[in-house]
Amino acid sequence: MLGLNNKILISMRKKAIDEFLFPEEEEFSESKAKMMLENIMNRDNQGNFRPYCFVLFQACQIYIKELKRSRIRRTSIHRQNQD
């Protein structure tokens, strides 16, 4: 009904996520991603939310979850190699 699966809107959301989470091809640490997550919903000086803040919030949560999964996997592999 709202047309949220419109190709243009999907592209704009993807661009916002990519620019927010991966500026200049830089990956964020888990701690920095958590800090960003806490600040995503803050309003600017004019009282406006960041464009696509709800999408960025969800994307950041997923990113943190994947970082945790990766860290746990690396730790597990490291432990197996020590045995």
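Numbers here simply count residues along the sequence, with the first being 1.
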- Item | Distance (rounded to the nearest 0.5 Å) between Ile40 CD1 and Gln61 CD | 8.0 Å

- Query: With ring centroids as reference points, do Phe22 and Tyr63 lie under 6.0 angstrom apart?
  - Reply: yes

- Between the main-chain N or O of Ile8 and the side-chain N or O of Arg13, is there a donor-acceptor pair closer than 3.5 Å? no

- Query: Any chain of hydrophobic side-chain contacts (each under 4.5 Å) joining Ile10 to Ile62?
  - Reply: no

- Query: Could Glu38 and Lys34 be called an ion pair, given the rule that one side-chain N must be under 4.0 Å from one carboxylate O?
  - Reply: no

- Between Leu67 and Ala33, what is the shortest heavy-atom contact and its length? CD1-CB, 4.5 Å

- Query: Rounded to the nearest 0.5 Å, how far apart are CZ of Phe54 and CZ of Phe49?
  - Reply: 5.5 Å

- Task: Calculate, to the nearest 0.5 Å, the distance between atoms CD1 and CD1 belonging to Ile77 and Ile72 respectively.
- Result: 12.0 Å

- Item | Cys53 SG to Gln58 CD distance, which is reported to the nearest 0.5 Å | 10.5 Å

- Message: To the nearest 0.5 Å, what is the distance between NZ on Lys32 and SG on Cys60?
- Response: 11.0 Å

- Query: What about Val55 and Met12, same hydrophobic cluster or not, with Ile/Leu/Val/Met/Phe/Trp/Tyr joined at side-chain heavy-atom distances under 4.5 Å?
  - Reply: yes

- Hey, what do you get for OG (Ser31) to CE (Met36), rounding to the nearest 0.5 Å? 11.5 Å

- Message: Set out, in order, the CA-CA distance, both residues' side-chain angles and the distance that settles side-chain contact (heavy atoms from CB on, under 4.5 Å) for Arg74 and Ser70, then state yes or no.
- Response: CA-CA 6 Å; Arg74 282 192 314 272; Ser70 179; 2.8 Å; yes

- Out of curiosity, does Met41 fall in the hydrophobic cluster containing Phe20 (side-chain heavy atoms, cut-off under 4.5 Å, transitive links)? yes

- Task: Report yes if the side chains of Leu56 and Arg50 come closer than 4.5 Å at any heavy-atom pair, otherwise no.
- Result: yes

- Query: Do Thr75 and Arg71 have a side chain donor and acceptor closer than 3.5 Å?
  - Reply: no

